[in-house]
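First up is the structure itself, then whatever we jot down about it.
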Amino acid sequence: MDYLLSAMLFLILGIAYVKGYDVVKKRSPGHLVQFYMAMTVIRLLLVSTMAAIVILLFKESRDEAIAFTGVYLIMYLAMMVITLSLRH
């Protein structure tokens with residue numbers, strides 16, 4: 001369940017980045033740097049908060065928390081690579 005929620009979060013964040021990038025590039029290309037920085041902060045905060053909530057509320061052991069964190073980081077890196085390769 002927690003991996004599904006994580007995948008949905010990454011999917012939503014990836015779509016928001018790609019669509020937002022297109023809108024900003026079309027309407028105000030000079031603000032792409034600000035958009036990128038804002039999305040970076042938003043992604044980092046949401047991903048960190050989600051990981052903390054899942055680990056604190058749903059993981060019963062240290063080993064489960066470590067395994068979840070490893071998978072979560074791999075999913076985060078995959079999202080970053082995919083979204084950046086689509087728009088850069």
Side-chain angles (χ1 to χ4, degrees):
M1 175 80 172
D2 47 350
Y3 292 108
L4 179 62
L5 290 174
S6 300
M8 288 178 16
L9 173 67
F10 290 128
L11 180 65
I12 290 167
L13 287 172
I15 291 170
Y17 176 77
V18 170
K19 296 297 182 183
Y21 183 92
D22 290 341
V23 169
V24 172
K25 186 175 181 181
K26 181 179 177 184
R27 295 185 182 189
S28 183
H31 289 94
L32 280 174
V33 174
Q34 290 89 347
F35 171 76
Y36 177 76
M37 294 304 288
M39 281 302 294
T40 300
V41 170
I42 290 168
R43 280 192 293 209
L44 185 60
L45 289 174
L46 286 175
V47 167
S48 300
T49 302
M50 174 79 168
I53 289 170
V54 168
I55 289 170
L56 292 173
L57 297 179
F58 300 111
K59 298 302 173 188
E60 296 178 8
S61 71
R62 184 174 188 263
D63 292 335
E64 284 182 5
I66 291 172
F68 173 77
T69 303
V71 172
Y72 201 70
L73 288 174
I74 291 169
M75 290 169 55
Y76 181 77
L77 290 173
M79 177 197 61
M80 293 298 293
V81 168
I82 291 168
T83 57
L84 292 175
S85 66
L86 288 175
R87 293 295 173 239
H88 288 89

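Not measured: the values here are computed from a predicted model.
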- Taking a hydrophobic cluster as the set of Ile, Leu, Val, Met, Phe, Trp and Tyr residues connected by side-chain heavy atoms closer than 4.5 Å, whether directly or through intermediates, do M8 and F68 fall within one such cluster? yes
- Are Y17 and V23 connected in the hydrophobic side-chain network, where two residues link if heavy atoms are under 4.5 Å apart? no
- CG/L44 to CE/M39 distance, rounded to the nearest 0.5 angstrom? 12.0 Å
- Message: Quick check on the hydrophobic clustering: are I42 and V18 connected, directly or via other members, by side-chain heavy-atom contacts under 4.5 Å?
- Response: yes
- Task: Taking the side chain as every heavy atom from C-beta outward, state whether V47 and L13 have any atom pair closer than 4.5 Å.
- Result: yes
- To the nearest 0.5 Å, what is the distance between CZ (F10) and OH (Y3)? 11.5 Å
- Between L45 and T49 the two heavy atoms that sit nearest each other are O-OG1, 2.7 Å
- Query: Considering residues at least two apart in sequence or located in another chain, which fulfil the side-chain contact (heavy atoms from CB on, under 4.5 Å) criterion with E64?
  - Reply: K59, E60, S61
- Message: Can you tell me how far apart CG (D22) and NZ (K19) are? Round to the nearest 0.5 Å.
- Response: 6.5 Å
- Task: Find out if a path of hydrophobic residues (ILVMFWY) with successive side-chain heavy-atom gaps under 4.5 Å connects I66 to V71.
- Result: no
- R43 side, atom CZ; S48 side, atom OG - distance, nearest 0.5 Å: 12.5 Å
- dist I55:CD1 -> Y72:OH (nearest 0.5 Å) comes out at 8.5 Å
- Euclidean distance, I12 CD1 relative to M79 CE, rounded to 0.5 Å: 11.5 Å
- Do L84 and Y21 have side chains that get closer than 4.5 Å, going by heavy atoms? no
- Verify the cluster assignment for L46 and M50: are they in a single hydrophobic cluster under the rule of side-chain heavy atoms below 4.5 Å apart? yes
- Side-chain (T40) to main-chain (Y36) donor-acceptor, under 3.5 angstrom: yes
